[in-house]
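Notes follow once the structure below has been shown.
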Amino acid sequence: MSVFPTDIRQDGEDVLAIAWNDGTESHYKVFDLRAQCPCANCVDELTGIRTLDPGTLDPKVKPLDLVSVGNYAVKIRWSDGHDTGIYSWDRLRRIAGGS
């Protein structure tokens, strides 16, 4: 069975909550999600080495908009102007430890 979100919502100032179709719920610190952006601007495509220095991020960064990408991911538009990261459902589950 494929796991996918049934609800994504802001949970307070700095947490994004995702309810999954298997009945679990994951909570993500929004700063940590931004720091783990998988896009080519934040990760070297050839080496897989993270090029984004989290120390350069605004500690109060927050998601402004969430856009579905097909049936497999969400694209987040961030308050720092960044909007190229696509977070797959599988990646989000891994970040949350599979919870």
Side-chain angles (χ1 to χ4, degrees):
M1 175 169 91
S2 177
V3 179
F4 57 87
T6 57
D7 185 44
I8 303 175
R9 70 185 183 289
Q10 191 75 30
D11 189 13
E13 286 280 318
D14 64 348
V15 174
L16 194 69
I18 299 180
W20 299 94
N21 67 322
D22 65 359
T24 62
E25 186 164 293
S26 303
H27 295 87
Y28 306 86
K29 295 274 188 185
V30 295
F31 179 88
D32 294 341
L33 277 180
R34 173 62 183 92
Q36 294 182 49
C37 179
C39 84
N41 291 321
C42 297
V43 178
D44 184 286
E45 289 182 286
L46 296 177
T47 65
I49 295 172
R50 180 152 304 282
T51 56
L52 173 67
D53 174 3
T56 64
L57 296 175
D58 177 354
K60 295 193 183 279
V61 69
K62 62 183 177 183
L64 299 178
D65 193 28
L66 304 172
V67 178
S68 286
V69 178
N71 291 323
Y72 71 95
V74 65
K75 180 176 167 181
I76 302 175
R77 184 170 61 92
W78 295 97
S79 59
D80 64 0
H82 191 70
D83 69 353
T84 56
I86 295 174
Y87 297 77
S88 70
W89 306 144
D90 289 342
R91 180 179 186 80
L92 288 167
R93 288 290 288 224
R94 278 194 312 274
I95 290 170
S99 65

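Because the structure is a prediction, the values reported are computed rather than measured.
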Side-chain donor-acceptor pair under 3.5 Å between Arg34 and Ser79, yes or no?
->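 Arg34 vs Ser79: no donor-acceptor pair found between side chains.
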
Check whether the side chains of Thr24 and Asp22 place a donor and an acceptor atom closer than 3.5 Å, and report yes or no.
->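 A pair is found: one side chain offers a donor N or O, the other an acceptor, under 3.5 Å apart.
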
Return yes if some donor-acceptor pair links the side-chain N/O of Arg50 with the main-chain N/O of Ala35 below 3.5 Å, else return no.
->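 Here the side-chain-to-backbone pair exists.
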
Side chain of Ser68, backbone of Val74: donor and acceptor closer than 3.5 Å?
->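 Such a contact is absent between Ser68 side chain and Val74 backbone.
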
Same cluster (ILVMFWY, side-chain, under 4.5 Å), Val15 and Ile18 =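 No, Val15 does not connect to Ile18 through the hydrophobic network.
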
Determine whether Tyr28 and Ile86 fall in the same hydrophobic cluster, where Ile, Leu, Val, Met, Phe, Trp and Tyr are linked whenever their side-chain heavy atoms lie under 4.5 Å apart.
->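 No; tracing contacts between hydrophobic side chains, which count when under 4.5 Å, never links both residues.
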
Interatomic spacing from [atom1] in [X] to [atom2] in [Y] - rounded to 0.5 Å:
X     : Y     : atom1 : atom2 : result
Asp14 : Gln10 : CG    : CD    : 8.0 Å
Cys37 : Asp83 : SG    : CG    : 9.5 Å
Lys29 : Ile95 : NZ    : CD1   : 15.0 Å
Leu66 : Ile8  : CG    : CD1   : 6.0 Å

Return yes when atom CG of Asn71 has more than 12 non-hydrogen atoms of other residues, nucleotides or ligands closer than 6.0 Å, and no otherwise.
->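 Result for CG/Asn71: open.
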
Looking at side-chain heavy atoms only, is the closest gap between Leu92 and Trp20 below 4.5 Å?
->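 In short, these two side chains touch, coming nearer than 4.5 Å.
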
